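A short write-up of the structure that comes next.
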Amino acid sequence: MSIRYFATNRDRENLGQNRSRKKRISLQKGGYHFVNMQAYMSYYLSEVDAKSMPEEVIVENSPKEVFGNFLENDRIGSVVVCVHGFNVHFHQAQTWFGILTDSLMKCERLRGKIVTDPLDNQQKKILTGKNTAKGSLTAFIGFSWPSNGSVFSYLGDQREAMGSASILGNVIMRLRRLKNKPSVNLICHSMGNFLTCYMLKKMLEEEAGQASKELRIRLDRLQDQNVPPGERYFIDRYIMLAADVERRHVTKCVTNASKIGTDDEVTTYIGPFYSGLEHLAGQVHNFYSRFDGALAISNLEKAPRKLVENSKGFLDKVTFGVLDFLEKNPDHKWEQRLGATQHPMIAAPNMQSHNTTELSGREIGHSDYVDSMEIVDAIAQVLSSPLK
């Protein structure tokens, strides 16, 4: 069963053009709008090469239809947001995650407990049934960002991911305000993990200034053992599939391991994503495969910079030493992606890794994760695990 509702910041420039100012502001609030994917797929399959979306696919009253009538139902105890990666069209995101949710529904741990489409008659019975216990269901929605859908647009997509980070944060912040207080979980594929990690990084950076009251409250609760786990973190369970994130970016390199966590701790490098994962996520699960050849595409971004750095002797004269800075600054060097290997020993302590080749008994490629029931069952185990 496919996911009915996707939040998105795609095609924002055309949103509400023929509406009143009040309606246009309402649709653009938070930087995202919800799309009814049944309506969108009807539109897409009739056009195939269309680049924008018509107004009739947009959920006009999402506070009521998506949040009030669906996610705020007291039988929903967990919400999962699915985020796609690089080079993905909107319809492809819906299809890929539809395969995942179909498979999750067959797992013993989640059988009869998943709702992806509250308007489907069969799922509506689960959502409204008298025998359905409060907090027993897991709801799925999607988040789609404007990846260009081109294998030649890696750096462009990475910039779009960074620009979409605050929008995903707004979606999660809205979920955190639901009256039924469900756990909030993310399943991200490929560059969707870069987007999420960058979001957590920016939220921590802004926390001292303009971060929301909700985020500050959760950060204050981290050291209070009397606070229930479900009310402690911004994201409760974070599942990384084929993560297009460098290993070094989730690490903390210290000179003396015995001093970790003390006032005497001395670091030589702290990855830009380390602190966000440690402080804003409860559990982080990295599902990886060393047979993931598609992650090598990200190495294409190295070539232009390497060419420039090789010309350093000449260009230093006109760049005032900037290239020397790039060469020495760790954030501008390159390392293997998490999606191809287990997390480093010096990654955030709440991170675990899962070898998908070992789980499935076969080589797993970049998009194969949803085609292995063993991997899907491991994901179901994470989603149904108790919060810590």
Side-chain angles (χ1 to χ4, degrees), residues 1 3-7 66-67 70-73 75-85 93 96-98 100-105 107 109-111 113-116 118 135-145 165 167-178 180-190 192-193 195-197 199-200 203 214-215 218 228-243 245 273 276-287 348 350-354 369-370 375-388:
M1 182 64 65
I3 297 172
R4 166 74 70 162
Y5 298 117
F6 266 74
V66 180
F67 295 109
F70 178 27
L71 301 179
E72 217 159 42
N73 189 303
R75 295 169 177 83
I76 300 293
S78 180
V79 176
V80 179
V81 183
C82 298
V83 186
H84 64 76
W96 198 82
F97 283 115
L100 174 62
T101 52
D102 272 353
S103 299
L104 283 170
M105 288 178 181
C107 296
R109 293 175 180 83
L110 294 177
R111 188 173 295 136
K113 298 178 181 178
I114 289 179
V115 181
T116 60
S136 64
L137 300 180
T138 297
F140 279 75
I141 61 172
F143 178 79
S144 181
W145 52 283
I167 311 302
L168 176 60
N170 289 343
V171 174
I172 297 173
M173 198 70 73
R174 179 64 181 84
L175 295 175
R176 280 298 178 195
R177 294 199 297 268
L178 292 173
N180 50 331
K181 295 184 177 180
S183 66
V184 177
N185 315 279
L186 262 64
I187 298 179
C188 302
H189 181 243
S190 190
N193 291 286
L195 190 162
T196 294
C197 288
M199 171 195 73
L200 297 175
M203 294 188 85
E214 173 71 23
L215 179 59
R218 290 183 181 276
E231 298 179 21
R232 214 174 276 170
Y233 295 98
F234 187 60
I235 298 171
D236 294 302
R237 305 176 186 91
Y238 173 22
I239 295 173
M240 311 173 90
L241 304 179
V245 175
F273 300 149
L277 290 172
E278 181 183 25
H279 297 301
L280 296 182
Q283 305 175 23
V284 182
H285 294 266
N286 171 42
F287 285 78
N350 54 340
M351 182 175 283
Q352 301 179 46
S353 285
H354 308 263
Y369 292 76
V370 296
I375 297 172
V376 173
D377 190 63
I379 293 172
Q381 186 173 354
V382 171
L383 291 176
S384 58
S385 64
L387 299 176
K388 299 177 183 179

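Bear in mind the structure is a predicted one, so any value in this text is a computation, not a measurement.
Cys197 places a side-chain heavy atom less than 4.5 Å from the side chain of Leu277. Looking at Phe143 and Leu186, their side chains never come closer than 4.5 Å, going by heavy atoms from C-beta outward. The shortest side-chain heavy-atom distance between Leu383 and Ser78 does not fall under the 4.5 Å cut-off. Counting heavy atoms from C-beta on, the side chains of Leu137 and Asn73 never come closer than 4.5 Å. The side-chain heavy atoms of Leu195 and Cys188, taken from C-beta on, include no pair separated by under 4.5 Å. Looking at heavy atoms from C-beta onward, Trp145 lies out of side-chain contact with Ile167 at the 4.5 angstrom threshold. In this structure the side chain of Phe234 reaches within 4.5 angstrom of the side chain of Met173, judged on heavy atoms. Counting only heavy atoms from C-beta outward, the side chains of Pro118 and Tyr5 approach each other to under 4.5 Å.
No donor-acceptor pair closer than 3.5 Å links the side chain of Gln352 to the backbone N or O of Gln283.
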Inset, instruction - Using the side-chain contact (heavy atoms from CB on, under 4.5 Å) rule, take Val376 and Cys107 through it: C-alpha gap first, then chi angles, then the decisive distance, then the call. - result: CA-CA 8 Å; Val376 173; Cys107 296; 3.8 Å; yes
Inset, instruction - Carefully, step by step, assess Leu100 and Ile379 under the rule side-chain contact (heavy atoms from CB on, under 4.5 Å). - result: CA-CA 10 Å; Leu100 174 62; Ile379 293 172; 4.2 Å; yes
Inset, instruction - Report the C-alpha distance between Ser144 and His84 in whole Å, list the side-chain angles of each, state the deciding distance to 0.1 Å, and finish with yes or no for side-chain contact (heavy atoms from CB on, under 4.5 Å). - result: CA-CA 7 Å; Ser144 181; His84 64 76; 2.9 Å; yes
Inset, instruction - Could you walk me through whether Met199 and Ile172 pass the side-chain contact (heavy atoms from CB on, under 4.5 Å) test, one step at a time? - result: CA-CA 11 Å; Met199 171 195 73; Ile172 297 173; 3.8 Å; yes
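Scored by the salt bridge (charged side-chain N to carboxylate O under 4.0 Å, His left out) test, Arg237 finds no partners at all (sequence neighbours excluded). Every residue was checked against the side chain to side chain donor-acceptor pair (under 3.5 Å) condition with Thr196, not counting sequence neighbours, and none meets it. His189 pairs by the side chain to side chain donor-acceptor pair (under 3.5 Å) definition with nothing, not counting sequence neighbours. For Phe67, the ring pair (Phe, Tyr, Trp, His ring centres under 6.0 Å) partners at least two apart in sequence or on another chain are Phe34. Every residue two or more places apart in sequence or in another chain that forms a salt bridge (charged side-chain N to carboxylate O under 4.0 Å, His left out) with Arg109 is listed here: Asp377. With sequence neighbours left out, Phe6 forms a ring pair (Phe, Tyr, Trp, His ring centres under 6.0 Å) with Phe90.
Considering every non-hydrogen atom in both Asn350 and Ala281, the closest pair reads ND2-O, 2.7 Å. Nearest heavy atoms, Pro182 versus Ile76: CB-O, 4.0 Å. Across Ile141 and Ile3, no two heavy atoms sit closer than the pair CA-CG2, 3.7 Å. Closest non-hydrogen pair, Ser103 versus Val370, comes out as OG-O, 3.7 Å. Closest approach of Glu72 to Leu178, counting heavy atoms only: OE2-CA, 3.5 Å.
Rounding to the nearest 0.5 angstrom, the gap separating the CG atom in Leu387 from the CG atom in Asp236 is 5.0 Å. Distance check, rounded to the nearest 0.5 Å: NE2 of His354 to OH of Tyr369 gives 12.0 Å.
When each of Asn185, Asn193, Asn286 is paired with Tyr238, the side-chain hydrogen bond (donor to acceptor under 3.5 Å, both in side chains) condition holds for Asn193 and for no other.
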